[in-house]
Amino acid sequence: MSDGTPVIEVRDLHTRFGRAVVHAGVNLVVYRDEVLSIVGGSGSGKTTLMRQMLGLDRPARGSVTVFGCDVHTGDSRELARLRTRWGVVFQEGALFSALSVFDNVALPLRELRLLPQDLIRDIVMLKLEMVGIEARHASKLPAELSGGMSKRVGLARALALDPELLFLDEPTAGLDPARSENFVSLVGTLRQELALTVVMVTHDLDTVAALSDRVAVLADHHLVAVGTLPEVIRVDHPFIESLFRGERGRRALGAALPELQVS
């Protein structure tokens, strides 16, 4: 459970693509040891918000600090150190197709240029074991993996540097229900074992219900609700009504959180 220490602070964030307004004054704090899920409709800017937290996209106005460092204006050496403190699992795993499973996971370790090869090997095999990938798969190319295995290898790579913060972009997209449930269970276990802070962008309500300590809802260019799932579903807003109280929401929340009366 979070101790209330801020890890990410988003202040007065404004985002535009040409004339299209994506964010208009977004404010958000992510606390240490929590899982925060960001949900929203198509085009609401949830993935863009995550990319801004990573310093990959720059807002028109506002600031994003991670571990106290402004990711858009910080010193280059400070930012380089900062990036070793987080891991990212992009959609579909985003593995390098020409590299083996082993080399994909080894890549962030090799980029440090500090570790001997035998230590890199030991770390890679440990990370693969942590995510349930057997050693016999280490020499395979991404094209030889199932969707679930690709996600797990992507997770192993994200954990290679023992990060404190983990970003997940649609972690269960493209997985069948059984593989989705297994991946969610794995993330939940690793979150506890490694004391990870997790920021997750997802449209999957089962995943939201299973993993989230808090949920942030993007709609109408703003965060219209931030809180625990019971708090969020009681907010009076059309998008929340359609997402959580519609047929799909009733089915997902009824199975995962039967004590909630979604009406």
Side-chain angles (χ1 to χ4, degrees), residues 1-3 5-10 28-39 46-57 64-69 71 79-95 104-109 111-112 123-124 126-133 148-175 179-204 206-216:
M1 201 67 181
S2 174
D3 62 3
T5 301
V7 171
I8 302 173
E9 296 179 84
V10 178
L28 180 65
V29 179
V30 180
Y31 298 103
R32 187 167 63 190
D33 296 336
E34 77 167 339
V35 177
L36 177 84
S37 293
I38 302 172
V39 301
K46 52 189 185 294
T47 295
T48 298
L49 178 57
M50 191 183 81
R51 288 178 58 85
Q52 289 167 335
M53 291 177 179
L54 292 164
L56 299 175
D57 289 342
V64 179
T65 60
V66 181
F67 296 116
C69 175
V71 298
L79 289 172
R81 287 192 296 270
L82 178 65
R83 292 184 183 109
T84 67
R85 300 179 68 182
W86 70 51
V88 188
V89 181
F90 292 103
Q91 287 191 50
E92 312 303 330
L95 302 178
N104 264 284
V105 180
L107 186 62
L109 296 163
E111 287 179 337
L112 291 178
I123 294 172
V124 170
L126 174 63
K127 300 304 179 182
L128 289 175
E129 182 181 356
M130 286 173 60
V131 301
I133 298 293
M149 289 178 68
S150 293
K151 296 272 190 181
R152 287 172 180 262
V153 174
L155 180 58
R157 184 177 62 188
L159 298 175
L161 298 179
D162 294 328
E164 304 159 66
L165 173 61
L166 180 65
F167 292 93
L168 303 174
D169 186 12
E170 299 286 4
T172 58
L175 299 182
R179 288 192 173 95
S180 176
E181 186 175 338
N182 289 339
F183 191 81
V184 167
S185 177
L186 173 63
V187 171
T189 298
L190 292 174
R191 173 263 178 118
Q192 295 290 342
E193 291 179 349
L194 304 177
L196 292 167
T197 301
V198 180
V199 176
M200 175 174 64
V201 168
T202 185
H203 69 281
D204 181 29
D206 294 300
T207 302
V208 170
L211 288 177
S212 307
D213 294 307
R214 290 193 303 145
V215 180

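Predicted, not measured: the structure shown is a model, and the values here were computed from it.
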A.B. asks: Which value, rounded to the nearest 0.5 Å, describes the distance between T172 atom OG1 and D206 atom CG?
C.D. replies: 8.5 Å
A.B. asks: Of all the heavy-atom pairs spanning T202 and P171, show the shortest one and how long it is.
C.D. replies: CB-CD, 4.4 Å
A.B. asks: What is the distance from atom OG1 of T207 to atom CD of E170, rounded to the nearest 0.5 Å?
C.D. replies: 9.0 Å
A.B. asks: List the residues meeting side-chain contact (heavy atoms from CB on, under 4.5 Å) with R214, not counting sequence neighbours, and say none if there are none.
C.D. replies: Y31, E34, L36, V226
A.B. asks: Of the non-hydrogen atoms in A158 and V89, which two are nearest, and what is the gap between them?
C.D. replies: CB-CG2, 3.7 Å
A.B. asks: Rounded to the nearest 0.5 Å, how far apart are CG of D33 and CD of Q192?
C.D. replies: 9.0 Å
A.B. asks: What pairs with R81 under salt bridge (charged side-chain N to carboxylate O under 4.0 Å, His left out), at least two apart in sequence or on another chain?
C.D. replies: none
A.B. asks: If every non-hydrogen atom of M50 is compared with every non-hydrogen atom of L168, which pair is closest and at what distance?
C.D. replies: SD-O, 3.9 Å
A.B. asks: Which residues pass the side-chain contact (heavy atoms from CB on, under 4.5 Å) test with L194, not counting sequence neighbours?
C.D. replies: M130, L159, L190, L196
A.B. asks: Could you tell me which residues satisfy ring pair (Phe, Tyr, Trp, His ring centres under 6.0 Å) with F67, sequence neighbours excluded, listed by chain and number?
C.D. replies: none
A.B. asks: Assess whether side chain to side chain contact (heavy atoms under 4.5 Å, CB included) is satisfied between V71 and L54, documenting all intermediate values.
C.D. replies: CA-CA 7 Å; V71 298; L54 292 164; over 6 Å; no
A.B. asks: Is there a donor-acceptor contact under 3.5 Å from the side chain of R32 to the main chain of T5?
C.D. replies: no
A.B. asks: Check salt bridge (charged side-chain N to carboxylate O under 4.0 Å, His left out) between R83 and all other residues, then give those that pass, not counting sequence neighbours.
C.D. replies: none
A.B. asks: Restricting to side-chain hydrogen bond (donor to acceptor under 3.5 Å, both in side chains), what partner residues turn up for S212, sequence neighbours left out?
C.D. replies: S37
A.B. asks: Would you say the side-chain atoms of S185 pair up with the backbone N or O of E181, donor to acceptor, closer than 3.5 Å?
C.D. replies: no
A.B. asks: At their closest point, which heavy atom of M53 faces which heavy atom of V10, and how far apart are they?
C.D. replies: CE-CG2, 4.1 Å
A.B. asks: Does any pair with a residue in residues 180-203 pass ring pair (Phe, Tyr, Trp, His ring centres under 6.0 Å), and if so which ones, sequence neighbours excluded?
C.D. replies: none
A.B. asks: In chain order, what residues pass the side-chain hydrogen bond (donor to acceptor under 3.5 Å, both in side chains) check against T197, with sequence neighbours excluded?
C.D. replies: none
A.B. asks: Given V131 and V153, is the side chain to side chain contact (heavy atoms under 4.5 Å, CB included) satisfied, shown in steps?
C.D. replies: CA-CA 7 Å; V131 301; V153 174; over 6 Å; no
A.B. asks: Which one of V66, L166, V7 satisfies the side chain to side chain contact (heavy atoms under 4.5 Å, CB included) criterion with W86?
C.D. replies: V66
A.B. asks: For residues T84 and L112, report the shortest heavy-atom separation together with the two atoms involved.
C.D. replies: CG2-CD2, 4.3 Å
A.B. asks: Nearest 0.5 Å, what's the CD-CD1 distance between Q52 and I8?
C.D. replies: 12.0 Å
A.B. asks: With sequence neighbours excluded, tell me which residues meet salt bridge (charged side-chain N to carboxylate O under 4.0 Å, His left out) with D57.
C.D. replies: R51
A.B. asks: Take I133 and V105 through the side chain to side chain contact (heavy atoms under 4.5 Å, CB included) test and state the conclusion after the steps.
C.D. replies: CA-CA 12 Å; I133 298 293; V105 180; over 6 Å; no
A.B. asks: With sequence neighbours left out, write down each residue that passes side-chain contact (heavy atoms from CB on, under 4.5 Å) with E9, or none if nothing qualifies.
C.D. replies: P6, R11, V29, T65
A.B. asks: What is the distance from atom CG of L155 to atom CG of L186, rounded to the nearest 0.5 Å?
C.D. replies: 5.5 Å
A.B. asks: Considering residues at least two apart in sequence or located in another chain, which fulfil the side-chain contact (heavy atoms from CB on, under 4.5 Å) criterion with P108?
C.D. replies: R157, A160, L161
A.B. asks: Between atom CG of L128 and atom CD1 of I123, what is the distance when rounded to the nearest 0.5 Å?
C.D. replies: 12.0 Å
A.B. asks: Please examine the side chains of V88 and D169, heavy atoms only from C-beta on, and report whether any two atoms are closer than 4.5 Å.
C.D. replies: no
